[in-house]
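Scroll down for the structure; my scribbles are underneath it.
If you're wondering where the values come from, they're calculated on a predicted model, not measured in any experiment.
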Amino acid sequence: MTPWLGLVLLLSCWSLGHWGTEACTCSPSHPQDAFCNSDIVIRAKVVGKKLVKEGPFGTLVYTIKQMKMYRGFSKMPHVQYIHTEASESLCGLKLEVNKYQYLLTGRVYEGKMYTGLCNFVERWDHLTLSQRKGLNYRYHLGCNCKIKSCYYLPCFVTSKNECLWTDMLSNFGYPGYQSKHYACIRQKGGYCSWYRGWAPPDKSISNATDP
């Protein structure tokens with residue numbers, strides 16, 4: 001197994017972006033988890049791409065114009081290229097060139113940023129205001145909390161640092177309201193709970209458990 005293929009398999013296990021395509025299978029993940037588990041989180045526009053002979057089916061290398069970095073300053077303060085598998089069956093990511101700005105998350109391996117279908121990648125104009133605020137401040141506050149997925153009832157939190165993620169139970173499926181509008185943040189007394197306000201958490205929302 002090549003180092004790059006091994007990295008693809010690792011990425012498939014820890015993060016999300018979208019449901020799998022063909023052989024690519026991804027587990028759903030809240031955007032906050034995707035943020036906290038990524039080496040790099042940036043806002044960028046794709047300005048070019050090329051196919052290189054790397055990996056079993058080649059690697060797509062996208063040239064990007066970085067607009068803002070939210071996470072990863074110590075690992076790679078400025079990202080110019082992102083790498084992904086050319087094959088969608090191996091979780092390769094297809095991005096539009098000179099069209100949209102994207103939120104991109106990924107890992108750093110041997111000085112390069114890698115991403116794929118199992119990472120949280122979204123067009124910037126598709127993010128909610130709460131998600132944008134999460135990237136700027138709130139998600140970082142919740143990296144010591146644990147978001148526990150609930151796929152079927154009954155399900156419960158088992159420790160004070162957990163928030164129960166129930167989007168998968170909704171008739172609307174994933175991504176749902178908690179993914180789009182909530183962050184899991186540690187509150188007064190050390191408990192983690194869902195937060196959706198417009199300002200940093202304070203005493204007035206210390207016991208918030210909504211939703």
Side-chain angles (χ1 to χ4, degrees), residues 11 13-19 26-44 66-75 79 101-107 115 117-153 155-211:
L11 291 173
C13 296
W14 63 262
S15 78
L16 123 93
H18 308 270
W19 293 106
C26 310
S27 298
S29 173
H30 190 278
Q32 179 175 313
D33 271 347
F35 174 91
C36 294
N37 290 325
S38 295
D39 291 333
I40 301 289
V41 180
I42 57 174
R43 175 184 178 184
Q66 180 176 308
M67 306 295 184
K68 186 172 182 179
M69 176 168 282
Y70 301 95
R71 187 175 180 87
F73 300 97
S74 62
K75 290 183 177 290
V79 181
Q101 290 186 28
Y102 292 94
L103 172 71
L104 302 167
T105 69
R107 291 284 195 178
T115 191
L117 287 174
C118 290
N119 295 88
F120 185 60
V121 175
E122 186 58 87
R123 278 174 46 179
W124 184 258
D125 60 331
H126 286 178
L127 295 177
T128 66
L129 180 60
S130 294
Q131 288 173 326
R132 297 182 189 187
K133 287 179 177 290
L135 293 167
N136 279 307
Y137 184 66
R138 296 183 188 135
Y139 291 162
H140 177 74
L141 291 178
C143 283
N144 290 326
C145 294
K146 180 180 179 181
I147 297 175
K148 184 176 181 180
S149 300
C150 178
Y151 295 98
Y152 53 86
L153 295 174
C155 47
F156 310 95
V157 294
T158 55
S159 69
K160 67 179 185 179
N161 71 327
E162 291 180 346
C163 293
L164 195 61
W165 185 33
T166 58
D167 278 353
M168 286 71 71
L169 297 176
S170 148
N171 291 331
F172 301 102
Y174 172 81
Y177 203 75
Q178 286 173 307
S179 298
K180 294 178 178 179
H181 302 289
Y182 284 83
C184 176
I185 296 176
R186 191 175 302 279
Q187 308 287 354
K188 183 180 179 181
Y191 285 85
C192 293
S193 64
W194 291 113
Y195 174 72
R196 63 174 178 179
W198 304 111
D202 57 29
K203 294 179 181 180
S204 64
I205 53 89
S206 62
N207 295 317
T209 56
D210 193 19

When you measure from the side chain of E162 to the backbone N and O of K146, does any donor-acceptor pair fall under 3.5 Å? no
Which distance, rounded to the nearest 0.5 Å, do you find between the [atom1] of [X] and the [atom2] of [Y]?
X	Y	atom1	atom2	answer
Y182	D167	OH	CG	10.5 Å
L135	R43	CG	CZ	10.0 Å
H140	Y70	NE2	OH	15.0 Å
R107	N37	CZ	CG	6.5 Å
Q131	N136	CD	CG	12.5 Å
R123	L103	CZ	CG	13.5 Å

For T166 and Q178, which heavy atoms make the closest approach, and how far apart are they? N-OE1, 2.7 Å
Give me the atom names and distance for the closest heavy-atom approach of Y139 to S179. OH-O, 4.3 Å
Given the rule in the side chain to side chain contact (heavy atoms under 4.5 Å, CB included) test, do R138 and I185 qualify, once you have shown the distances and angles that lead to the verdict? CA-CA 7 Å; R138 296 183 188 135; I185 296 176; 3.9 Å; yes
Cysteine SG atoms at C36 and C143 closer than 2.5 Å: yes
Between K148 and N161, do the side chains contain an N or O donor and an N or O acceptor separated by less than 3.5 Å? no
Stepwise side chain to side chain contact (heavy atoms under 4.5 Å, CB included) test for S149 and M168: CA-CA 8 Å; S149 300; M168 286 71 71; 3.8 Å; yes
Quick one: list whatever passes side chain to side chain contact (heavy atoms under 4.5 Å, CB included) with C155, sequence neighbours left out. C150, L153, L164
M69 side chain near I40 side chain, heavy-atom distance below 4.5 Å: yes
ring-ring contact (aromatic ring centres under 6.0 Å, His included), that's the test. Do W194 and H30 meet it? Break it down for me. CA-CA 12 Å; W194 291 113; H30 190 278; 5.3 Å; yes
Partner of C163 under disulfide (SG to SG under 2.5 Å), chosen from C184, C145, C192: C184
Ring of Y191, cation from R186 - is the NZ or CZ under 6.0 Å from the centre and inside 45° of the axis? no
